[in-house]
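Here the structure is a predicted model, which means the values were calculated and not measured. The residues of the chain are indexed from 1 along the displayed sequence.
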Amino acid sequence: MDNPSADTATEGHEKAASWGEIFSSSNPGLLAIIGLGVWLHAADSLMVSTVMPSAVKDIGGVAYLNWTFALYELASIITAAATGLLVIRTGLRSVMTIAALVYFAGCLLSALAPDMVTMLAGRSLQGAGGGMMLAATFVGMNRLFPKSHWIRIVALVSAVWGTSSLLGPVIGGAFASWGIWRGAFWFFAVQAAALSVAAYILLREHAAPTDDGTHKSIPITRLALLAAAIVAISAAGAHVSLTLSPILGVLGIACLVLFFNRDGKSPTRMFAQRPLSLNHSAGAATTMILLSSFSTVSLTLYGPILMQAIYGIDPLTAGLVMVVESVAWS
């Protein structure tokens, strides 16, 4: 059924297209590109939670388990921040194709990883490609479809994201239970290769740059501060030391403070003016998201490996437990 509230919200502007119009007039290939770009990023970030316990048994590096998640998210943030500018300068087809290829390379590296260092390099590439794909997807929604389709396309993206949060842990747990944890990365690598080909072929009309002469710059300094904060805090927990860990923790917090200070003074902010102020709606929302992440990330990272080590639960069952968590935070 159509959503009456969505149609009412667009009155006075442009009436929202019905679901029938979306699927009959929109190129199915374009819808597939949008959906696959969201799926790969969202499902991958949760798949790894149920794959890594089996991976560290094989290649070692359990102390760096949190880095497989932190570096993925860090690379995603950096590339997502630069994607809009890259689309303006090189065109949507180039960005989406390159993003899928970078993600493919990361999956390939992770699938073949003989040690944790290689795995972390692969996860960083996956994050870089995934963040770029996700950002390009939202740019693509604006450029590939008429305004009357946007409400429905956003709903489809939300549905794909929700499905990803449910299936990602199960996919990882299934491959680990079958004794072929590397197969999970191959599974996503094949999909990324297909996306790169589809983007190159179907987005040829969006290959030209659309530079309007404004030449906005990438916030390199702020991104560097944010990256330094994440790396320092992650390193503080990798090998706990009474002297080094507190120093790295304080350094990480100092980089975060500097980041928010510079971001607050910038005309092109990455966060709201008062990102953690409970007296403002944007700050309250950011705080809510932050606390939600705090309460879920530990189980996401360490839940599967602890369930397997303490209770002997198989990886697939651990994946199903992670699905319950995904339903809860969703």
Side-chain angles (χ1 to χ4, degrees), residues 27 29-42 44-45 70-109 121-145 147 150 153-154 157 160-161 188-189 191-228 230-231 259 262-263 266-271:
N27 187 327
L30 298 182
L31 289 174
I33 287 174
I34 294 294
L36 190 54
V38 173
W39 157 263
L40 289 176
H41 175 75
D44 177 281
S45 60
L71 291 180
Y72 180 93
E73 296 299 332
L74 172 60
S76 297
I77 292 170
I78 293 174
T79 55
T83 296
L85 182 60
L86 291 174
V87 170
I88 291 174
R89 293 183 176 179
T90 66
L92 180 61
R93 181 173 76 163
S94 296
V95 171
M96 185 62 86
T97 302
I98 292 172
L101 289 175
V102 170
Y103 180 88
F104 169 80
C107 289
L108 197 63
L109 205 56
R123 291 297 295 161
S124 297
L125 285 176
Q126 284 176 264
M132 196 183 302
M133 280 191 298
L134 185 64
T137 291
F138 284 98
V139 174
M141 283 191 291
N142 178 279
R143 298 194 176 194
L144 300 176
F145 304 97
K147 189 174 181 179
W150 290 354
I153 300 299
V154 169
V157 167
V160 171
W161 194 283
F188 283 95
Q191 296 175 71
L195 177 59
S196 66
V197 173
Y200 186 81
I201 294 173
L202 298 178
L203 298 180
R204 53 182 174 272
E205 295 181 3
H206 300 270
T210 56
D211 198 333
D212 57 4
T214 55
H215 299 296
K216 295 180 180 179
S217 60
I218 298 174
I220 295 177
T221 302
R222 281 176 285 160
L223 289 173
L225 285 170
L226 186 60
I230 294 173
V231 170
F259 165 79
R262 290 184 66 95
D263 192 60
S266 172
T268 55
R269 296 191 302 271
M270 297 174 64
F271 284 84

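- Across Cys107 and Phe188, no two heavy atoms sit closer than the pair SG-CB, 4.0 Å.
- Between Glu73 and Ile230, the closest side-chain pair of non-hydrogen atoms is not below 4.5 Å.
- With rounding to the nearest 0.5 Å, the separation of CG in Leu108 from CG in Leu101 is 11.5 Å.
- The side-chain heavy atoms of Phe259 and Leu223, taken from C-beta on, include no pair separated by under 4.5 Å.
- Leu144 places a side-chain heavy atom less than 4.5 Å from the side chain of Leu92.
- In this view, Thr79 and Ala128, Met132 satisfy the side-chain contact (heavy atoms from CB on, under 4.5 Å) rule, not counting sequence neighbours.
- Side chain of Trp161 to main chain of Val38: no donor-acceptor pair is present (N/O by atom type, distance under 3.5 Å, no hydrogens or angles).
- Looking at Trp150, its side chain does come within 3.5 Å of a backbone N or O of Met141 through a donor-acceptor pair.
- Residues meeting the side-chain contact (heavy atoms from CB on, under 4.5 Å) test with Ala80, sequence neighbours left out: Ala135.
- Considering only heavy atoms from C-beta on, Leu31 comes within 4.5 Å of Ile153 through its side chain.
- Take Arg269 and apply the side chain to side chain donor-acceptor pair (under 3.5 Å) test, not counting sequence neighbours, and it matches Gln273.
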What pairs of donor and acceptor atoms, side-chain ones from residues 192-205 against any protein atom, are under 3.5 angstrom apart with sequence neighbours left out?
unit_1 : atom_1 : unit_2 : atom_2 : d
Ser196 : OG     : Ala193 : O      : 2.6
Arg204 : NH1    : Ile201 : O      : 2.4

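- Every residue meeting the side chain to side chain donor-acceptor pair (under 3.5 Å) condition with Arg222, not counting sequence neighbours, appears here in chain and number order: Asp263, Ser266.
- Not counting sequence neighbours, the partners of Ala228 by the side-chain contact (heavy atoms from CB on, under 4.5 Å) test are Cys255.
- Here the side chains of Gln191 and Trp39 are in contact, with some heavy-atom distance below 4.5 Å.
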